[in-house]
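Every heavy atom of this structure was used, including side-chain atoms; hydrogens, water molecules and symmetry mates were not.
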Amino acid sequence: ANAYLISFFLIFITVFFGGRFISKRRYDESLSSIDIRPFSNIDYTLGKIVGFMIVVLGLDCMLALIAIFINILLSDAPFAIFPYVFYFFTLTLPLFVFVLGYSVMVKGVVKNQAMARFVLLFLSFILVKIVPDYFFGIFDPFATYLPNVFSDVTGFSVLNIYFIHRLIFFLVGVGMLFLGILTVNRIWNSDRVRVYTVFAGSSFLLLGCVLGFIYIIHFKREEEEREKIRIVFEKYDKQLKIRVVSHDISFKQVGNSYESTSEMVVYNPYDKPLTSFILYLNPGLEITSMMVEDEIVNFTREKQVVVLSC
């Protein structure tokens, strides 16, 4: 919760103050003595950006320290330092770089500061309220579509996908920062440096798009698998099914895997005999053998459906 609140705060700070140096330099003649110096636009812009990032991230660390003191002194919740560090690098930092990237670009393109801030607030509203539900949450700046919480039992679920999601925002943000350098109203030292800037910005954006494609493919496959399971369920849904009287499960851990034995007492509630009966099992579990009255029986399996021959 603390990381989300800080991230919301960073969005507003960045929208109003991030990239302000680009629009401000158009009216600030005191920078003329600096502009004539033989340093590149990359050095000039990245220096401004890094300075702004140090100030804002320093403020973020101060807010995090306040949250830590509240957690230790005024809260009954257990304290752990790792989540603060983890969410800083995976939630706060990528979002900050992304928002700073499009802030620099918009303020470089839109000449009027008031209009630029209005555009940025509008884009931030779309980013936070409208687009997160599309394409499996790939545009969700806070990764609320993903189970981004720690569990004492299972750890962090789908950690690789979570890292990909946050890396997308970071890479796209860095790409927009490089492309935002092109909007600086200052003569370039050489065309080669300008080409390098375009190449760097485009490369980061391309890497972000590639990771976005990988992210969407992952959820597309999950969606297709769910659809297959639904189709299999409908296929066997109307068939006659047995009833369970009792069900005992013994469970044990063997090395890095788990084994269990399921003993069931079932009966046929219908007036006619059944040549087979249907059971349902998690498709991720493997069946080693099945027995009926201490005799091994043949069975067929289709996703979550197990059909035993009587």
Side-chain angles (χ1 to χ4, degrees), residues 78 80 82-83 86 90 132-138 140 143-167 210-310:
F82 177 73
F86 177 83
T90 61
D133 294 331
Y134 294 95
F135 297 103
F136 310 104
I138 192 173
D140 182 6
T144 53
Y145 190 89
L146 300 174
N148 57 340
V149 292
F150 286 96
S151 169
D152 294 335
V153 179
T154 60
F156 198 101
S157 179
V158 294
L159 184 60
N160 56 335
I161 298 300
Y162 179 76
F163 278 147
I164 288 176
H165 183 273
R166 305 316 297 162
L167 194 55
V210 171
L211 290 180
F213 180 77
I214 295 173
Y215 176 89
I216 292 177
I217 287 296
H218 169 80
F219 284 99
K220 273 291 185 182
R221 289 176 178 173
E222 280 194 354
E223 193 176 62
E224 292 172 357
E225 188 66 19
R226 292 192 182 99
E227 179 64 17
K228 291 177 182 178
I229 291 175
R230 186 190 66 82
I231 293 173
V232 171
F233 178 82
E234 290 184 347
K235 176 181 176 181
Y236 292 94
D237 184 44
K238 295 182 180 179
Q239 295 190 21
L240 299 178
K241 298 178 178 63
I242 59 173
R243 298 293 185 268
V244 179
V245 178
S246 64
H247 189 185
D248 297 325
I249 300 176
S250 61
F251 183 85
K252 64 178 180 179
Q253 182 175 352
V254 180
N256 294 326
S257 62
Y258 299 98
E259 293 183 1
S260 65
T261 302
S262 177
E263 297 181 0
M264 303 175 66
V265 177
V266 300
Y267 74 97
N268 178 9
Y270 308 103
D271 296 331
K272 56 182 179 180
L274 299 177
T275 58
S276 63
F277 58 89
I278 298 172
L279 299 174
Y280 292 92
L281 184 68
N282 188 321
L285 299 177
E286 179 184 351
I287 301 176
T288 56
S289 65
M290 299 196 71
M291 303 176 67
V292 176
E293 297 180 347
D294 297 329
E295 293 185 4
I296 296 178
V297 295
N298 296 324
F299 66 91
T300 59
R301 186 173 187 181
E302 187 175 2
K303 296 297 181 182
Q304 76 277 21
V305 174
V306 182
V307 182
L308 284 80
S309 302
C310 299

A.B. asks: What do you reckon, is CD of E295 surrounded by more than 12 foreign heavy atoms closer than 6.0 Å?
C.D. replies: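 For E295, atom CD is not crowded (no more than 12 foreign heavy atoms under 6.0 Å).
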
A.B. asks: Roughly how far, to the nearest 0.5 Å, is the CD1 atom of I231 from the CD atom of E302?
C.D. replies: 10.0 Å

A.B. asks: What distance do I138 atom CD1 and F213 atom CZ have between them, rounded to the nearest 0.5 Å?
C.D. replies: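 Nearest 0.5 Å value for the CD1-CZ distance: 11.0 Å.
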
A.B. asks: Just how far is it from atom CE of M264 to atom CD1 of I249, taken to the nearest 0.5 Å?
C.D. replies: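 Answer for the CE-CD1 pair, M264 versus I249, is 8.5 Å.
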
A.B. asks: Say you draw a straight line from CG of L308 to CD1 of I242; how long is it, rounded to the nearest 0.5 Å?
C.D. replies: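 L308 CG to I242 CD1: 8.0 Å, rounded to 0.5 Å.
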
A.B. asks: May I ask you to check whether over 12 heavy atoms, not counting those of N282, lie within 6.0 Å of atom CG?
C.D. replies: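 For N282, atom CG is crowded (more than 12 foreign heavy atoms under 6.0 Å).
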
A.B. asks: If I compare all heavy atoms of H165 with all of D140, which pair ends up nearest, and what's the gap?
C.D. replies: CE1-O, 2.9 Å

A.B. asks: Please indicate whether Y280 has more than 12 foreign heavy atoms, meaning atoms of other residues, nucleotides or ligands, lying under 6.0 Å from its OH.
C.D. replies: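 Yes, OH of Y280 has more than 12 neighbouring heavy atoms, counting only those of other groups under 6.0 Å.
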
A.B. asks: Evaluate whether atom OH of Y270 has more than 12 neighbouring non-hydrogen atoms of other residues, nucleotides or ligands under 6.0 angstrom away.
C.D. replies: yes

A.B. asks: If you compare all heavy atoms of I229 against all heavy atoms of Q304, which two are closest, and at what distance to 0.1 Å?
C.D. replies: O-NE2, 3.0 Å

A.B. asks: Answer yes if the ring centres of F251 and Y258 are under 6.0 angstrom apart, and no otherwise.
C.D. replies: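 Ring centroids of F251 and Y258 are less than 6.0 Å from each other.
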
A.B. asks: Quick one: list whatever passes salt bridge (Lys or Arg N to Asp or Glu O under 4.0 Å) with E263, sequence neighbours left out.
C.D. replies: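 Checked E263 against salt bridge (Lys or Arg N to Asp or Glu O under 4.0 Å); zero matches.
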
A.B. asks: For F219 and F136, take the angle between the two ring planes, folded into 0 to 90°, and tell me which bin it lands in: parallel under 30, tilted 30 to 60, perpendicular over 60.
C.D. replies: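 Judged by the thresholds at 30° and 60°, the geometry between F219 and F136 is parallel.
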
A.B. asks: After noting the C-alpha distance and the side-chain angles of T288 and E259, does the key distance pass the side chain to side chain contact (heavy atoms under 4.5 Å, CB included) rule?
C.D. replies: CA-CA 10 Å; T288 56; E259 293 183 1; over 6 Å; no

A.B. asks: More than 12 foreign heavy atoms under 6.0 Å from CG of N160: is that the case here?
C.D. replies: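 More than 12 heavy atoms, drawn from other residues, nucleotides or ligands, come within 6.0 Å of this atom.
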
A.B. asks: Taking the side chain as every heavy atom from C-beta outward, state whether V307 and Q239 have any atom pair closer than 4.5 Å.
C.D. replies: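 A side-chain contact under 4.5 Å is absent here.
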
A.B. asks: From I164 CD1 over to H218 NE2, what is the distance, rounded to the nearest 0.5 angstrom?
C.D. replies: 8.5 Å

A.B. asks: Nearest heavy-atom pair of P283 and R301: which atoms, and what distance?
C.D. replies: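 Closest heavy-atom pair between P283 and R301: CA-NH2, 3.5 Å.
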
A.B. asks: Aromatic contact between Y215 and Y145, with the criterion being ring centroids under 6.0 Å apart: yes or no?
C.D. replies: no

A.B. asks: Within the 4.5 Å heavy-atom criterion, are K235 and V305 side-chain neighbours or not?
C.D. replies: no

A.B. asks: Looking at CG of D133 and OG1 of T144, how far apart are the two atoms once the value is rounded to the nearest 0.5 Å?
C.D. replies: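 With rounding to 0.5 Å, CG (D133) is 7.5 Å from OG1 (T144).
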
A.B. asks: Would you mind listing every salt bridge (Lys or Arg N to Asp or Glu O under 4.0 Å) that reaches into residues 223-234, with sequence neighbours excluded?
C.D. replies: K220-E223, E222-R226, E225-K303, E227-R230, R230-E234

